[in-house]
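For the single chain, residues carry numbers from 1 onward in sequence order.
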Amino acid sequence: MNSLLYIIAVILIIGWAIGFFFTAVGSLIHVLLVIAVIAFILGITRRPTAI
């Protein structure tokens, strides 16, 4: 599950970067960045701490 959040975050960041450089979608692309950051933070906070 943890790696799935990272994959989603990376895909959303790539989509944000493409949209930022081509500015075809407008402000909707910044929503993708916010979702990616939230997924990344959730991935960090839910990381198992077992050694």
Side-chain angles (χ1 to χ4, degrees):
M1 179 74 177
N2 194 14
S3 62
L4 181 62
L5 287 175
Y6 286 122
I7 291 171
I8 292 171
V10 169
I11 290 171
L12 290 175
I13 289 172
I14 290 171
W16 173 81
I18 291 170
F20 181 76
F21 289 117
F22 293 111
T23 61
V25 180
S27 64
L28 179 64
I29 205 70
H30 295 286
V31 174
L32 291 176
L33 178 63
V34 171
I35 294 172
V37 169
I38 291 171
F40 183 73
I41 291 172
L42 285 176
I44 289 174
T45 58
R46 293 183 179 181
R47 180 178 300 165
T49 57
I51 298 176

Can you measure from OG1 (T45) to CZ (F40) and round to the nearest 0.5 angstrom?
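Interatomic distance, T45 OG1 to F40 CZ, rounded to 0.5 Å: 10.5 Å.
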
What pairs with I8 under side chain to side chain contact (heavy atoms under 4.5 Å, CB included), at least two apart in sequence or on another chain?
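Listed in chain order: L4, L12.
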
Which residues pass the side chain to side chain contact (heavy atoms under 4.5 Å, CB included) test with V10, sequence neighbours left out?
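Residues passing side chain to side chain contact (heavy atoms under 4.5 Å, CB included) with V10: I14.
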
